[in-house]
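What follows is a set of notes on a single structure, which appears directly below.
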Amino acid sequence: MDVDLDSTLGCGQAHRWHKVDDSWEGVLGNEVITLTQTPDGFECEGTDDENLILDYFRHDDDLDSIYEECARSDEFVSGLIDRCRGLRILRQPHYECIATYILATNANVKRIGAMVEGVCRTFGRNLGGRYSFPTPEEILAKKDLIHECRLGYRADRFIEYAQSVHDGTFDPDALESTSYEECVEALLRIKGVGPKVADCIALFSYGHLEAFPIDARIGNVLRDRYGVEGSYKKLAQYARERFGRYAGYAQEFLYHADFIE
DNA sequence: CATCAACCTGATCA
DNA sequence: ATGATCAGGTTGA
């Protein structure tokens, strides 16, 4: 499979991967996975279920044609693609992705990672050095320990989300076959999920590649490079029209534009 | 619908 | 050293 682990796992879309020496170590389900880059893909240790990994990396995505289509829509984007070769949008488990992005509001990448590891260490199962992402039941059973995770005002939202999944009020898997619009609409009903987080989840978990999450950084790029400013709705609409059905991939490319002076 | 202060925490900067 | 400001936003007024 055509993939570059560094850009895919290090770009901030997933928060449980650490680069150790030459390999990426992470947790998928109840397994600690180690991935090592090879010329035409990667070697995988830690699971017998190869399909699990392939699905996680959305191996069906034809990177060449996606990149080509992004490049065609925009000259600036096409100039950025070379530095992102092999970057794949992931397909992260729904429940876990939503919970993670509830924590991701108004915090930098480093702190998000610290919060996520914190809840895993506090509530999850010890897999030998790494911890599984806790189930709603595991969280609720020990919810008094939530303060140890130092989530700040996100703590209540995190617990409330776990509760809603536990009691069936919200079913992450039920959004599996919904359209992008329906998906976002449902996600927005979760406390702690606003338009940006909903787009992240729609893109990184439900595979809606037209989703275009706009954080502060992307907002700067849109302003400086495209001269557009305004509400989230306005910017998102502009982006989807401009970048088309793979706007989510274009967003990843633009995310790296910030580093160029 | 648009605007805006408040919000936990930890890191960075004056 | 101690205080202000900001960081992958959302909420409620």
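Chain identifiers are assigned alphabetically (A, B, ...) following the order of the sequence lines, protein sequences preceding nucleic acid strands; residue numbering begins at 1 within each chain.
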Have a look at Gly12(A) and say if it touches a base, only the backbone sugar-phosphate, or nothing, with a 4.0 Å heavy-atom cut-off.
base
Working note: Glu117(A) + Arg130(A), criterion salt bridge (Lys or Arg N to Asp or Glu O under 4.0 Å); need CA distance, chi angles, decisive distance, verdict.
CA-CA 9 Å; Glu117(A) 285 303 318; Arg130(A) 298 297 300 274; 3.0 Å; yes
Take atom P in dG9(C) and the same atom in dC1(B), then report the distance between them in whole Å.
23 Å
For Lys191(A), answer base if it contacts any base atom (sugar-phosphate contacts may also be present), sugar-phosphate if it contacts only those atoms, and nothing otherwise; contact means non-hydrogen atoms under 4.0 Å.
sugar-phosphate
Whole-Å distance between dC1(B) C1' and Gln237(A) CD?
14 Å
As a test of reading the structure: which of dA7(C), dT10(C), dT9(B) is closest to the side chain of Asn106(A), going by heavy atoms?
dA7(C)
Could you give the CD-to-P distance, from Glu229(A) to dA2(B), as a whole number of Å?
15 Å
Is Ile218(A) touching bases, backbone alone, or none of the nucleic acid, heavy atoms closer than 4.0 Å?
nothing
For DNA chain B, whose closest nucleotide is more 5', that of Asn108(A) or that of Tyr153(A)?
Tyr153(A)
Tell me whether Glu69(A) is salt-bridged to Arg245(A), with the criterion being a basic N under 4.0 Å from an acidic carboxylate O.
yes
Applying side-chain hydrogen bond (donor to acceptor under 3.5 Å, both in side chains), run through Ser164(A) and Thr169(A) and close with a yes or a no.
CA-CA 5 Å; Ser164(A) 73; Thr169(A) 311; 5.9 Å; no
dT11(C) and dG10(B), which share atom name C1', separated by this distance in whole Å:
22 Å
side-chain contact (heavy atoms from CB on, under 4.5 Å) with Glu31(A): which of Leu127(A), Leu52(A), Ile53(A)?
Leu52(A)
Would you please indicate if the ring centroids of Phe243(A) and Tyr226(A) are separated by under 6.0 Å?
yes
Give the ring-plane orientation class for Phe133(A) versus Tyr95(A), where under 30° counts as parallel, over 60° as perpendicular and anything between as tilted.
perpendicular
Considering every strand and a 4.0 Å limit on heavy-atom distances, what is the contact class for Asp215(A): base, sugar-phosphate, or nothing?
base
In this structure, how many angstroms lie between the C1' atom of dT10(C) and the NZ atom of Lys196(A), rounded?
12 Å
Confirm from the modelled atom types if Tyr101(A) and dG9(C) form a donor-acceptor pair under 3.5 Å, side chain to base only.
no
Distance in angstrom units between Asn220(A) CG and dC6(C) P, rounded
13 Å
Considering only the P atoms, how many Å lie between dA1(C) and dT9(B), rounded to the nearest integer?
23 Å
Give one of base, sugar-phosphate or nothing for Ile190(A), where a contact means two heavy atoms less than 4.0 Å apart.
sugar-phosphate
Please report the distance, rounded to the nearest Å, between CE in Met115(A) and P in dC8(B).
13 Å
Over all strands shown, is Gly152(A) touching base, sugar-phosphate only, or nothing at heavy-atom distances under 4.0 angstrom?
base
Contact class for Gln251(A) vs. all strands (heavy atom < 4.0 Å): base, sugar-phosphate, or nothing?
nothing
Minimum-distance nucleotide (side-chain atoms of Thr105(A) versus dA7(C), dA2(B), dG9(C)):
dG9(C)
Euclidean distance, atom NE2 of residue His147(A) to atom P of dT9(B) [Å, nearest integer]:
11 Å
Distance below 4.0 Å between Arg157(A) side-chain N/O and dT10(C) OP1 or OP2:
no
If you look at every strand shown and take non-hydrogen atoms under 4.0 Å, does Pro195(A) touch a base, only sugar-phosphate, or nothing?
sugar-phosphate
Return whichever of Leu188(A) or His15(A) has its heavy-atom-nearest nucleotide of DNA chain C closer to the 5' end.
His15(A)
Parallel, tilted or perpendicular, judged at 30° and 60°: which one describes the rings of Tyr246(A) and Tyr249(A)?
perpendicular
Given that both distances must come in under 3.5 Å, which nucleotide forms a Watson-Crick or G-U wobble pair with dT9(B)?
dA7(C)
What about Arg150(A): does its side chain form a donor-acceptor pair under 3.5 Å with the base of dT9(B)?
no
Any donor-acceptor pair, under 3.5 Å, between the side chain of Arg111(A) and the base of dC8(B), if you only look at N and O atoms?
yes
Per atom distances to the Arg154(A) side chain, the nearest of dA11(B), dT10(C), dC8(B) is dC8(B)
Length of the CG-P vector between Leu103(A) and dT11(C), whole Å
14 Å
Check every strand shown and say whether Cys11(A) touches a base, only sugar-phosphate, or nothing at a heavy-atom separation below 4.0 Å.
base
Interatomic distance where CG belongs to Leu187(A) and C1' belongs to dG9(C) [whole Å]:
15 Å
